[in-house]
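The block underneath contains the structure these notes are about, expressed in structure tokens.
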2 protein chains.
Amino acid sequence: MAARAPHLSRRAAAKAARRRALIDATIRCIAAKGLGGTTLADVAKQAGLSQGIVNLHFRTKDNLLKETLEFLAAEYDERFMQTLADTPDDPLAKLEALMAMDLSPALCERRKLAVWFAFWGEVKFVPTYQKICAERDRKYDGIVHDLVQQVIDEGGYRDVDARAVSDSLTSMTDGFWLSCLVDPKRFDRDAAQRAVDRFLRATFPASH
Amino acid sequence: MAARAPHLSRRAAAKAARRRALIDATIRCIAAKGLGGTTLADVAKQAGLSQGIVNLHFRTKDNLLKETLEFLAAEYDERFMQTLADTPDDPLAKLEALMAMDLSPALCERRKLAVWFAFWGEVKFVPTYQKICAERDRKYDGIVHDLVQQVIDEGGYRDVDARAVSDSLTSMTDGFWLSCLVDPKRFDRDAAQRAVDRFLRATFPASH
DNA sequence: CAAAAATGAATGATTATTCATTCATTTTAT
DNA sequence: ATAAAATGAATGAATAATCATTCATTTTTG
């Protein structure tokens with residue numbers, strides 16, 4: 001009886017590892033062939049496993065894709081919260097760090113963006129995707145809005161509208177992601193970063 | 001010989017009308033079921049025609065989708081150029097009008113955006129989509145950049161970077177489109193418009 | 001050894017595409 | 001002008017390929 005727990009958890013760990021490997025394979029497949037071009041046979045081959053493996057671990061393809069999106073969202077969330085935690089306790093510094101994170105090569109990179117946009121392309125037709133994405137949106141908009149409000153309060157920017165500024169910031173990164181995806185040759189990370197910096201300086205001139 | 005032309009053009013006109021009707025049906029299908037959920041049978045039924053009709057008029061599904069994207073791009077282009085032409089000969093007024101157009105209910109509406117994002121979701125995997133979208137991006141970025149440069153020159157804004165401002169503007173609309181798609185309940189058109197207005201006022205304070 | 005994990009061949013549903021046929025319209029010939 | 005011939009648009013049943021899912025069997029693990 002005492003022995004059962006470690007046995008079960010070993011198996012459970014192996015199972016979790018397999019699921020994780022399959023999700024990784026799914027992300028690679030979507031990055032390479034798109035959502036429409038990704039078959040379960042592709043995913044299995046990418047993971048070096050056999051035909052029926054996805055159905056064994058995820059029951060259905062829809063479920064695999066849902067869990068893949070959840071994984072991506074969790075991954076982003078960890079990065080976001082970590083950036084927030086790692087930055088000095090100054091709201092403007094935190095805003096700058098978050099924007100830089102969104103434009104960093106780790107996130108703002110064509111392969112990764114292709115996966116996000118693949119899911120966004122289906123967002124209106126798959127309620128699960130919609131729910132996950134809308135919650136993300138709300139969470140990060142809320143955090144950014146609060147930071148902006150803090151900068152306003154601390155800097156005494158009476159006539160700056162927090163909502164307008166936070167909306168501008170979050171929409172800018174999404175827009176830069178689209179242009180990185182659509183025209184990577186022309187996309188200029190430094191120029192994008194500069195645009196964000198100038199926006200923040202113009203909005204909060206006394207805080208730099 | 002003189003008689004042949006009108007006859008041919010009647011047939012040609014009918015053919016063009018059919019193709020157009022099928023493209024309309026395709027857009028409705030994508031708006032309702034997504035790119036992945038749209039079958040040729042759906043399109044034919046939506047158009048009130050029979051099974052083989054798409055292959056007759058467009059040869060392949062890929063080609064139908066390509067021509068559908070081209071149609072959407074042309075439709076947007078007409079609106080864009082018309083807005084440019086209809087606005088008083090002042091670069092800032094033109095910029096404001098273009099931004100307002102992008103956020104207008106006619107364009108910034110979930111059904112339409114779902115179709116655009118469906119194509120963007122495949123942009124990395126279908127070279128044809130990529131080409132069409134990248135060319136659009138370049139064209140409009142160029143026009144917006146030139147307008148911004150004019151405002152800078154006319155207003156003597158020595159320390160404003162035209163590239164940074166135009167990048168900010170175009171990325172903002174794309175970002176607002178994403179949030180309109182992802183979380184339509186929370187999306188606030190007026191707030192978005194206000195954000196853009198404030199950005200322009202902050203950037204060009206002496207020109208309002 | 002028993003249970004769980006993994007395999008990969010078989011199944012059945014879906015779907016793009018083809019094609020023989022029908023039908024309406026246009027052209028040609030008398 | 002009228003009938004015959006030709007065109008090409010439209011149909012919808014048949015085809016062939018793709019793919020998610022199932023399951024009987026084998027392999028691995030505890």
Q | Rounded distance in Å - CG (B:Leu22) to C1' (D:dA10) | A | 11 Å
Q. Taking C-beta and beyond as the side chain, do A:Tyr76 and A:Leu107 meet within less than 4.5 Å on heavy atoms?
A. yes
(Q) Are the side chains of B:Phe176 and B:Leu103 in contact, using a 4.5 Å heavy-atom criterion? (A) yes
Q | d(NE2, B:His57; P, C:dT17) in whole Å | A | 16 Å
Q.
Would the distance check show the side chain of B:Lys124 and the main-chain N or O of A:Ala114 forming a donor-acceptor pair, the cut-off being under 3.5 Å?
A. no
**Q.** Which nucleotide in C:dT7, C:dT17, D:dA10 has an atom nearest any side-chain atom of A:Ser50
**A.** C:dT7
**Q.** Separation of atom CZ in A:Phe58 from atom P in D:dT21, rounded to whole Å
**A.** 13 Å
Q. When you check the side-chain N and O atoms of A:Asp197 and A:Gln193, is any donor under 3.5 Å from an acceptor?
A. yes
(Q) Using a distance-only criterion (donor-acceptor N/O pair, under 3.5 Å, no hydrogens), is the base of D:dT29 paired with the side chain of A:Arg11? (A) yes
Q.
Checking contacts here: which listed nucleotide (C:dT15, C:dT17, D:dG30) is nearest the side-chain heavy atoms of A:Arg10?
A. D:dG30
Q: Find out whether the Lys NZ or Arg CZ of A:Arg136 is both under 6.0 angstrom from the six-membered ring centre of A:Trp116 and within 45° of the ring's axis.
A: yes
Q: Check whether any side-chain N or O of B:Arg18 sits under 4.0 Å from OP1 or OP2 of D:dA10, and answer yes or no.
A: yes
Q.
Taking only side-chain N and O atoms of B:Asn55, does any of them lie within less than 4.0 angstrom of OP1 or OP2 on C:dT17?
A. yes
Q) Which nucleotide, C:dG8, C:dT17, D:dA10, lies nearest any side-chain atom of B:Leu40? A) C:dT17
(Q) Please report the distance, rounded to the nearest Å, between CD1 in B:Ile53 and P in D:dG12. (A) 10 Å
(Q) Nearest whole Å is fine: how far is C:dA16 P from B:Gln51 CD? (A) 8 Å
Q) Rounded to whole angstroms, how far apart are CG on A:Asp62 and P on D:dT21? A) 7 Å
Q. To the nearest angstrom, how far is B:Lys33 atom NZ from C:dT14 atom C1'?
A. 12 Å
Q: Measure the distance from CG on B:Leu56 to P on C:dA20 and round it to the nearest whole Å.
A: 15 Å
Q.
OP1 or OP2 of C:dA5 versus the side-chain N and O atoms of A:Lys15: is any pair under 4.0 Å?
A. yes
